[in-house]
Asks: 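There's a structure below that I have some questions on.
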Amino acid sequence: MVEEIASDLYKVEVPLPDNLLRSVNSYIIKGRERNLIIDPGMNREECLNVMQTSLRKLKVDLGRTDFFITHSHVDHFSLVLNLGTEESTIYFNRPDMDVVDRIRRGTYLEDAAHFTFLNGFPEKALKEIFDPGADGYYRSEKNLVFKMMEDGDIINTGDYIFRCLRTSGHTEGHTCLFEPSQKMLISGDHLLGDITPSIQLRSDERNPLKNYLESLDKVYDLDIDLVLPGHRGLFSGCKERITELKKHHQERVDQMISILGKGSQNAYQVASQMTWDVNCDSWDFFPVLQKWFATGEAIAHLKYLQQKGIARKEIKEQKTIYSLN
Ligand SMILES: [Zn+2]
């Protein structure tokens with residue numbers, strides 16, 4: 001359950017029940033004065049039990065422990081609300097903290113659902129996706145101290161000097177930790193070894209695919225020997241992986257251009273014709289949550305094409321329709 005990756009740096013595989021990702025990686029660094037936990041997992045019993053057992057085994061005192069959170073997603077962020085103490089500093093970032101605040105106010109999911117509906121997602125299916133209690137994972141009565149980190153900010157823990165690396169794309173504020181002397185990158189969901197990080201759009205103001213591709217270039221330029229991702233195994237060959245991910249998105253963009261070549265369509269219709277790595281015979285049989293993710297990805301790619309001047313967007317009968325220019 002606990003694996004030593006480098007001196008005083010441990011990986012814990014935290015299970016994610018009912019989730020296709022199966023588990024999330026939490027990294028624990030034991031320091032002389034303060035410890036650091038990176039992405040503790042999800043705020044549910046199964047994750048808490050594994051983390052508490054691992055922390056006991058490593059003799060980590062939570063009263064002397066800080067946290068770093070790569071991004072706002074529930075599987076990375078939410079357990080900090082349970083494990084964090086009022087003495088902990090929780091290093092996070094402003095754009096994703098704003099998302100957490102909106103989730104807590106109940107407006108984030110509502111806005112995302114409406115936006116995706118305008119992009120063709122069936123209204124009936126939206127009701128099946130949203131668990132009315134889902135924002136409960138983000139609630140906390142504790143007085144926790146969050147510190148907003150910017151690109152280039154430094155966190156010292158034990159012998160490690162981590163540099164915060166803003167890698168917008170998977171979420172707007174997504175931040176990796178780079179350790180130059182160890183040539184090590186703690187990559188969250190920016191880089192994963194055998195899964196493609198999902199890039200989805202849930203509001204019209206952003207262009208996450210453009211940001212993601214730029215963030216890949218930013219990491220490509222660094223000297224990295226070992227990537228410690230948010231899910232699955234560690235990997236080397238960082239530059240090769242970045243090249244693969246860029247090729248994947250280029251293929252997606254090409255596929256979308258050929259789908260739009262058949263005529264104007266909304267994002268849901270485009271998503272239904274794309275190839276997805278889902279164990280299902282056809283789009284009709286996709287689980288509704290997979291359709292939600294697929295539509296979010298299609299919108300992100302369509303927005304990218306629109307901003308490049310390859311596609312255009314129109315509103316017809318209150319629905320967003322894309323066509324090739
Ligand atoms: Zn994520």
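Remember, it's 1-based here, ligands and their atoms both numbered in the order they're listed.
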Asks: Could you give me the CA-CA distance, side-chain angles and deciding distance for Leu62 and Phe67, then say whether side-chain contact (heavy atoms from CB on, under 4.5 Å) is met?
Replies: CA-CA 10 Å; Leu62 282 173; Phe67 294 82; 4.1 Å; yes
Asks: Using a strict cut-off of less than 4.0 Å between a Lys/Arg side-chain nitrogen and an Asp/Glu carboxylate oxygen, indicate whether Arg44 and Asp18 qualify as a salt bridge.
Replies: yes
Asks: Can you see which heavy atom on Arg252 is nearest to which on Met274, and at what distance?
Replies: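 Reported closest heavy-atom pair: CD-CE, 3.3 Å.
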Asks: May I have the list of side-chain donor-acceptor pairs in residues 106-116 shorter than 3.5 Å, sequence neighbours left out?
Replies:
unit_1	atom_1	unit_2	atom_2	d
Thr107	OG1	Arg102	O	3.4
Thr116	OG1	Ala112	O	2.7
Thr116	OG1	Arg202	NH1	3.2

Asks: Sort by chain and number the protein N/O/S atoms found under 2.8 Å from the Zn ion (ligand 1).
Replies: His71 NE2, His73 ND1, His170 NE2, Asp189 OD2
Asks: Taking the six-membered ring where the residue is Trp, are the ring centres of Tyr212 and His249 under 6.0 Å apart?
Replies: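 So the answer is yes for these two rings.
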Asks: I'd like to know if Lys210 and Glu214 make a salt bridge, using a cut-off of under 4.0 Å between side-chain N and carboxylate O.
Replies: yes
